[in-house]
Amino acid sequence: MKLTKMDCTLNEKDTLTDMLDAEKHLMSLYTTALYEGSTKTVRKNFSENLLGVAENQYCIFNQMRSRGYCDPQPANKSMIDTATDTYKKQKKSLKAN
């Protein structure tokens with residue numbers, strides 16, 4: 001089967017999603033680099049880069065939201081309480097081991 005250019009073209013939503021995922025991955029990498037940095041200068045540079053990437057990620061997220069590609073819903077109290085209970089149980093379990 002031969003692919004055409006149309007078969008390999010991303011639409012706007014896919015492109016923004018790919019960009020958002022890339023920025024999230026960069027944030028993860030810079031976070032790791034930041035806490036593994038061995039000098040203040042290196043850590044400062046990673047910190048500045050992390051903030052820049054975080055700003056890029058937020059801008060892309062806002063573009064997606066404004067276009068209706070994502071619609072984050074606020075967590076209600078019961079969802080928050082359930083998550084809190086789950087993590088408290090996990091924390092106790094870790095302390096017991």
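The analysis underlying the following values was restricted to heavy atoms, covering all of them including side chains, and did not include hydrogens, waters or symmetry mates. Everything numeric here is computed off the predicted structure, so don't read it as measured data. For the single chain, residues carry numbers from 1 onward in sequence order.
- Between Asn56 and Met19, the closest side-chain pair of non-hydrogen atoms is not below 4.5 Å.
- When hydrophobic clusters are built by joining Ile, Leu, Val, Met, Phe, Trp and Tyr residues whose side-chain heavy atoms come closer than 4.5 Å, directly or via intermediates, Val42 is grouped together with Leu50.
- Put simply, CG on Leu20 and CD1 on Ile60 are 6.0 Å apart, with the number rounded to the nearest 0.5 Å.
- In the hydrophobic clustering, Leu51 connects to no other residue, as no ILVMFWY side-chain heavy atoms lie under 4.5 Å from its own.
- When the side chain to side chain donor-acceptor pair (under 3.5 Å) test is applied to Asn45, no partner is found at least two apart in sequence or on another chain.
- Separating the NZ atom in Lys13 from the CG atom in Leu16 is a distance of 10.5 Å, to the nearest 0.5 Å.
- Judged as a salt bridge (charged side-chain N to carboxylate O under 4.0 Å, His left out), the pairs with a partner in residues 31-47 (not counting sequence neighbours) are, in order, Lys44-Glu48.
- Applying the side chain to side chain donor-acceptor pair (under 3.5 Å) rule to pairs touching residues 68-77 yields Glu12-Tyr69, Asp71-Gln73, Asn76-Ser78, Lys77-Asp81, sequence neighbours excluded.
- Between atom CD of residue Gln90 and atom CG of residue Asp85 there is a gap of 11.5 Å, rounded to the nearest 0.5 Å.
- Under a hydrophobic clustering in which Ile, Leu, Val, Met, Phe, Trp and Tyr are joined whenever their side-chain heavy atoms come within less than 4.5 Å, directly or via other members, Val53 and Phe46 fall into the same cluster.
- With sequence neighbours excluded, no residue forms a side chain to side chain donor-acceptor pair (under 3.5 Å) with Asp21.
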Pairs under 3.5 angstrom only: tabulate donor-acceptor contacts from the side chains of residues 23-33 to other protein residues two or more places apart or in another chain.
from, atom 1, to, atom 2, distance (Å)
Thr31, OG1, Met27, O, 2.7
Thr32, OG1, Ser28, O, 3.1

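- Expressed to the nearest 0.5 Å, how far CD of Gln63 lies from SG of Cys70 amounts to 11.0 Å.
- To the nearest 0.5 angstrom, Ser47 atom OG is 14.5 Å from Tyr35 atom OH.
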